[in-house]
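By convention in this document, chain letters (A, B, ...) are assigned in the order of the sequence lines, proteins followed by strands, and residues within each chain are numbered from 1. Here the structure is a predicted model, which is why all the values come from computation and not from measurement.
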Protein chains: 2
Amino acid sequence: MSNARLSPSSGQVGRLSEAVSRRGAALSTSPCEACAVRHLTVCAALAEEELRHLSDIVSHVELAPSQCLFQESDEARSVYSVTAGTMKVYKLLPDGRCQVTGFLFPGDFLGLAHDETYAYSAEAVTHSALCSYPKSKLESLLKRFPQMEERLLGMAKHELMVAQEQMLLLGRKTAKERLASFLLMLSRAAARRGQNGNPVLVPMSRSDIGDYLGLTTETVSRSFTQLKRDRIISAESGNRIRLLDDEALQDLAEGA
Amino acid sequence: MSNARLSPSSGQVGRLSEAVSRRGAALSTSPCEACAVRHLTVCAALAEEELRHLSDIVSHVELAPSQCLFQESDEARSVYSVTAGTMKVYKLLPDGRCQVTGFLFPGDFLGLAHDETYAYSAEAVTHSALCSYPKSKLESLLKRFPQMEERLLGMAKHELMVAQEQMLLLGRKTAKERLASFLLMLSRAAARRGQNGNPVLVPMSRSDIGDYLGLTTETVSRSFTQLKRDRIISAESGNRIRLLDDEALQDLAEGA
DNA sequence: CGGGAAGTTGAAGAGCGTCAAAAGTAGTGG
DNA sequence: CCACTACTTTTGACGCTCTTCAACTTCCCG
């Protein structure tokens with residue numbers, strides 16, 4: 001009844017620009033080969049030939065902050081790979097209560113639906129770019145290249161592990177412990193992408209963080225203040241957070 | 001600090017009987033062909049020849065209530081398929097706080113680790129039986145039979161969807177809503193196995209339920225009492241719960 | 001600069017947790 | 001068959017963490 005969900009700018013459910021930039025696979029090197037996030041994503045498993053097949057079916061999507069990529073129960077026509085920006089995926093209860101089930105960064109995969117429809121909504125947190133693959137065409141590629149499927153299974157397993165960690169967080173951790181876990185997650189995700197993990201950038205709002213951690217914005221804010229008072233973190237300019245005591249933060253996050 | 005985790009009878013971490021009942025695949029029909037839960041599990045995707053290969057590498061495990069199958073951080077040597085009974089998988093915080101991430105029933109798969117070690121512990125709730133497959137051997141089978149991998153990916157996707165539902169429950173639902181969701185889940189799981197979904201059998205303790213729903217045993221008990229007072233459920237003999245008003249239960253579970 | 005959104009802080013309240021005790025249930029042995 | 005024990009479940013009283021509601025401050029962006 002209170003949590004921010006559809007931001008005021010919503011309603012504009014759609015694409016900012018859906019530039020089909022790839023058509024004509026006669027190039028000797030496919031554009032996917034040059035992809036900056038290739039090593040992070042499914043595409044890492046692929047040989048040059050397979051990449052060319054992917055290039056043939058990919059199109060590109062850009063989203064402005066708070067723009068919606070798809071909504072729960074939309075027909076699942078495409079799967080996506082984030083190449084730039086930050087996305088959030090979330091589920092809603094009829095009365096508006098919102099649970100963000102994950103934040104996605106470059107290299108992350110999105111839209112792997114089990115059924116014919118998506119089981120969650122996806123929205124841009126910051127200005128974002130994605131590769132879009134028609135589900136049907138990707139599925140035929142998967143049949144031809146089993147190691148792509150293997151890679152996908154590996155990613156699904158990893159996501160499951162992360163989801164179980166998050167259940168532990170939501171079911172059993174205190175507000176302070178949740179925020180500590182969240183900051184470490186952000187820091188590690190940045191490091192994995194080759195960015196600096198220590199002054200960690202927090203691109204999402206307090207409300208988004210609350211909806212991710214099962215808390216209210218006020219409690220998130222208070223927990224930030226507590227961590228600052230405990231000299232475990234400090235804020236350098238708004239959403240740049242310096243982790244002052246990594247060990248203390250980890251102990252907190254693990255509930256020790 | 002309070003939640004039951006390692007029951008008193010624990011410490012006996014091990015097998016009740018690990019009968020390697022299959023050796024000598026010279027049988028014309030493999031035992032897996034006769035498996036009662038085959039249609040529910042990975043094996044459903046397989047042809048006769050492939051089943052025989054599975055038969056060759058399977059062994060069987062039986063566990064008494066509260067016996068441990070494996071623990072978090074154990075080396076992940078095997079994956080399992082539940083054939084009888086009820087299992088629980090859970091994660092622990094150092095101080096003993098416990099989050100049950102799932103209950104498993106016949107047909108469910110277990111032990112799909114992304115790393116070399118399990119990310120959670122698994123324990124029998126009731127007397128249970130499982131098929132055990134050495135991870136390395138199963139992986140070579142997967143390479144030979146891509147449709148097994150496809151099936152596994154399908155199961156992983158489904159588990160992910162369930163995990164996201166559970167995050168919504170843990171992050172945003174009230175105690176009563178959580179219990180309603182839980183009872184519906186049990187009822188549907190029973191129906192899927194061809195059992196009666198209405199007087200639903202609840203094989204696990206209040207403490208296990210609490211650890212699954214992110215609540216204490218006391219709150220679970222009080223929520224049961226409330227649902228009974230509201231004439232939404234009634235107890236027929238201990239752990240047989242009659243769902244009196246399915247619609248009201250669903251509305252509650254969905255937060256309407 | 002100025003106005004609006006996002007974030008912070010405070011006070012009061014609700015829901016769930018904690019602690020304790022009673023009631024119910026199951027298993028054991030005389 | 002019943003008494004005895006041990007455990008699980010239920011119920012009650014109280015307390016604490018997080019939520020709610022509200023006011024205030026800070027940060028942006030035009």
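- Comparing C:dG17, D:dT19, D:dT10 against the side chain of B:Lys228 picks out D:dT10 as the nearest.
- Taking side-chain N and O atoms only, B:Thr225 has a distance below 4.0 Å to OP1 or OP2 of D:dT11.
- For the pair B:Thr216 and C:dC16, the criterion of a side-chain N or O lying under 4.0 Å from OP1 or OP2 is not met.
- For A:Glu218 and D:dC18, a side-chain-to-base donor-acceptor distance below 3.5 Å is absent, hydrogens and geometry of angles not being considered.
- Between B:Asn239 atom CG and C:dT25 atom C1' there is a gap of 11 Å when expressed in whole angstrom units.
- The CZ atom of A:Arg178 sits 14 Å away from the P atom of D:dT17 (whole-angstrom rounding).
- Considering only side-chain N and O atoms, A:Ser221 lies nowhere under 4.0 angstrom from the phosphate OP1 or OP2 of C:dT9.
- Picking from D:dT11, D:dC18, C:dG17 the nucleotide with the shortest atom distance to the side chain of A:Leu215 gives D:dC18.
- For the pair B:Arg240 CZ and D:dT9 P, the computed distance is 17 Å after rounding to whole Å.
- A donor-acceptor pair is defined here as one N or O able to donate and one able to accept, closer than 3.5 Å; such a pair exists between the side chain of A:Arg178 and the backbone of A:Leu170.
- Side chains of A:Lys91 and A:Thr101: no donor on one and acceptor on the other come within 3.5 Å.
- Within 4.0 Å (heavy atoms only), B:Lys176 reaches no atom of the nucleic acid at all.
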A:Ser181 and A:Lys173: side chain to side chain donor-acceptor pair (under 3.5 Å), yes or no, with the steps? CA-CA 9 Å; A:Ser181 306; A:Lys173 289 187 188 175; 3.1 Å; yes

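- Computed from coordinates, the B:Gln226 CD to C:dA14 C1' distance equals 13 Å when rounded to whole Å.
- Among the atoms of the strands shown, only primed sugar atoms or phosphate atoms (P, OP1, OP2) are found under 4.0 Å from some heavy atom of B:Gly214.
- Distances from the side chain of B:Arg206 to the nucleotides C:dC16, C:dT9, D:dT10 place D:dT10 closest.
- In terms of polar N and O atoms assigned as donor or acceptor, the side chain of A:Arg222 comes within less than 3.5 Å of the base of C:dG10 in a complementary pairing.
- A:Phe109 has its ring centre no less than 6.0 Å from the ring centre of A:Tyr80.
- Summarising the geometry, the separation between CG on B:Leu179 and C1' on D:dT9 is reported as 14 Å, rounded to the nearest angstrom.
- Under the 6.0 Å cut-off for aromatic ring centres, A:Tyr90 and A:Tyr120 do not qualify, their centroids lying 6.0 Å or more apart.
- Atom CG of B:Leu213 is separated from atom P of C:dC16 by 12 Å (rounded to the nearest Å).
- Between A:Lys173 atom NZ and D:dC18 atom P there is a gap of 14 Å when expressed in whole angstrom units.
- We find that CZ of A:Arg229 is positioned 8 Å from P of C:dT9, with the value rounded to whole Å.
- Here B:Ser205 lies in heavy-atom contact (under 4.0 Å) with sugar-phosphate atoms only.
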